[in-house]
Amino acid sequence: MHHLKKVSLIILLFITLYSCKKTEEEVWIVDTEPTKPIVDFGFKFDEYNVHFDTIGRQDTFDKILSKQNLNGKKVGDIIKVIRDSFPTSVRYKRPYVCLRSKDKYNKLQYFIYQPDRLNYYLIDLTDSIVGFKKARPLTFRTKTVSGELTGSLTQTLRGMKIEPTLSGRLTKIYAWSIDFFKSKKGDKFAISFTERYINDTIYDGVDSIRAAYFEYKGEKIYAFPFVQDAKNGKKDYYDEEGKALKNFFLKAPLKFVHITSKFSKNRFHPVQLRWKAHNGTDYAAPTGTPIMTTAAGVIEQAGYTAGNGNFVKVKHDRTYSTQYLHMSRILVKRGQRVSQGQVIGKVGSTGLASGPHVCYRFWKNGVQVDALRLKLPNSQPMDNKNLPRYLSYMQPLKRELDSVTDLKFRTK
């Protein structure tokens, strides 16, 4: 009997311990946090029967609406109402959402079509038919980063998990002061920019650049956007002293440059096989590469000669003219006005050329000069009356760039 009591106590103790352990485990895995309702386009989705879909190849508003338990007359009435406020056609694979009533009728109450991530068209059927265009709420976040070039600027930004398309904007800002093909691994930089978010959660890309600097040939070149004249709202970029980064002329007529021959009074011509003056700078590039005019002006000549091949000459003002030789195609006409950076032709090897390139020639006061050695003026200098306002605006941004750089490289 004593033995049975002892065995019973052991069994009871084991059951108690096992039960406690099981209870503790069950409590641990229970998620007590309530599920948050999904909200988008101003609606709480848990209040509706929600149907998500995308536009098919043959879909139209009529066809999509006809599938929503609506009779032909109702569909016709909707199309009449939205005809003026909605797009005439829907785009293949773009999403749309149907919000239906949560009852036995499953009645369509709202139809939402998204031509892009930000904007949407809404049809409200809860009372009378109403259709209008709206935009999802946007928020903006500021990000300031610093780093060192590990390869190209695009590769470096991608490695830092920053949108690589930002490099295109920066290249454009610095087109007049930095040749990124001559930048070196280890050159430091810092960028402050704003990013867009839809509904505070969906990343929608870089919105604007607040400030930047790049090391170039041992010197920091800062860039700060500033509007001098509030009436026209034109934004230009200036350095920390208020000097414009945008020069009167681009540094080269191609985005990606490889100089094969410079301005020279005596060069051996690769086709004519004799020594003669070379009054231009040769930039090699694949056939078809876009050629840009390095400054705004008027097309003075556009044609063909045996030596120049297809060529274009641009008169910029009373002092300066530029010429672009050996094109495969000419894309402008004589007398046409062109803006800085506009594509005026394509790289080729017409005329006396041993391979595809553009020979870039530069005139100052009617005399051909070396464009690489010429010091050219800035196009829009800072007005002295705006300088105090600019410096007051710029200095906090400069401190922000310098501080993230100091912090990053001081702690390495």
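In what follows, residues are counted from 1 in the order of the sequence shown.
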Atom [atom1] in [X], atom [atom2] in [Y]: separation rounded to 0.5 Å?
X    : Y    : atom1 : atom2 : answer
E300 : H316 : CD    : NE2   : 9.5 Å
Y304 : T350 : OH    : OG1   : 6.0 Å
T144 : L401 : OG1   : CG    : 6.5 Å
D59  : T54  : CG    : OG1   : 8.5 Å
Y324 : L254 : OH    : CG    : 10.0 Å
M292 : I344 : CE    : CD1   : 9.5 Å

Polar side-chain atom of [X] near backbone of [Y] as donor-acceptor pair, under 3.5 Å:
X    : Y    : result
D239 : G242 : yes
R361 : Q323 : no
R399 : M394 : no
D124 : Y110 : no
H357 : G355 : yes
Q395 : S392 : no
Q336 : K333 : yes
T289 : P286 : yes
T60  : K63  : yes
Y320 : F249 : no

Which of parallel (below 30°), tilted (30 to 60°) and perpendicular (above 60°) describes Y238 and F226?
perpendicular

Parallel, tilted or perpendicular: which fits the ring planes of F61 and Y113, with parallel below 30° and perpendicular above 60°?
-> perpendicular

Side chain to side chain donor-acceptor pair (under 3.5 Å) between N106 and Y48: does it pass, once the steps are laid out?
CA-CA 9 Å; N106 197 28; Y48 303 89; over 6 Å; no

For residues [X] and [Y], report the shortest heavy-atom separation together with the two atoms involved.
X    : Y    : answer
A223 : Y174 : CB-OH, 3.4 Å
D46  : K102 : O-NZ, 2.6 Å
L397 : A211 : CB-CB, 4.1 Å
V332 : A302 : O-CB, 4.1 Å
P225 : Y393 : O-OH, 2.5 Å
S192 : T142 : OG-CG2, 4.0 Å

State, without any angle test, whether [X] and [Y] hold a side-chain donor-acceptor pair at a distance under 3.5 Å.
X    : Y    : value
D207 : Y197 : no
N386 : D383 : no
T150 : T156 : yes

### Query
Is the distance between the ring centroids of Y237 and F224 under 6.0 Å?
no

Answer with yes or no after comparing the ring centroid distance for F189 and Y213 against a 6.0 Å cut-off, counting only values under it. no

The ring pair (Phe, Tyr, Trp, His ring centres under 6.0 Å) partners of Y120 (sequence neighbours excluded) come to F41

Exercise. Please test K172 against L170 for side chain to side chain contact (heavy atoms under 4.5 Å, CB included), starting from the C-alpha separation and ending with a verdict.
Key: CA-CA 5 Å; K172 189 174 181 180; L170 290 164; over 6 Å; no

(request) Taking the side chain as every heavy atom from C-beta outward, state whether S349 and H326 have any pair of such atoms under 4.5 Å apart. (result) no

task = Report yes if the side chains of L245 and I221 come closer than 4.5 Å at any heavy-atom pair, otherwise no.
result = yes

Contacts of E163 meeting side chain to side chain contact (heavy atoms under 4.5 Å, CB included) (sequence neighbours excluded), chain-then-number -> T165, Y203, V206

Sequence neighbours excluded, the answer for side chain to side chain donor-acceptor pair (under 3.5 Å) partners of D40 is R136, N199

Looking at Y92, I'd like to know if the NZ or CZ of R57 sits under 6.0 Å from its six-membered ring centre while staying within 45 degrees of the ring's axis. yes

ask   = Taking the six-membered ring of W363, is NZ or CZ of K313 closer than 6.0 Å to its centre and within 45° of its axis?
value = yes

One thing to verify: whether [Y] and [X] come together as a salt bridge, which I'm taking to mean a side-chain N less than 4.0 angstrom from a carboxylate O.
X    : Y    : result
K184 : E215 : no
R117 : D204 : yes
D200 : R141 : yes

### Task
Show your reasoning for whether side chain to side chain contact (heavy atoms under 4.5 Å, CB included) applies to C98 and Q68.
CA-CA 8 Å; C98 298; Q68 312 305 320; 3.4 Å; yes

task = Kindly indicate, with the supporting measurements, whether the criterion side chain to side chain contact (heavy atoms under 4.5 Å, CB included) is fulfilled by V130 and I123.
result = CA-CA 6 Å; V130 181; I123 301 175; over 6 Å; no

Above 12 or not: heavy atoms from other molecules or residues under 6.0 Å from [atom1] of [X]?
X    : atom1 : value
K134 : NZ    : no
R334 : CZ    : no
R337 : CZ    : no
K107 : NZ    : no
Y105 : OH    : no

Worked check of side chain to side chain donor-acceptor pair (under 3.5 Å) between T194 and S208 | CA-CA 5 Å; T194 56; S208 59; 2.8 Å; yes

Side chain to side chain contact (heavy atoms under 4.5 Å, CB included) between L99 and L108, intermediate numbers included = CA-CA 6 Å; L99 302 182; L108 181 65; 5.9 Å; no

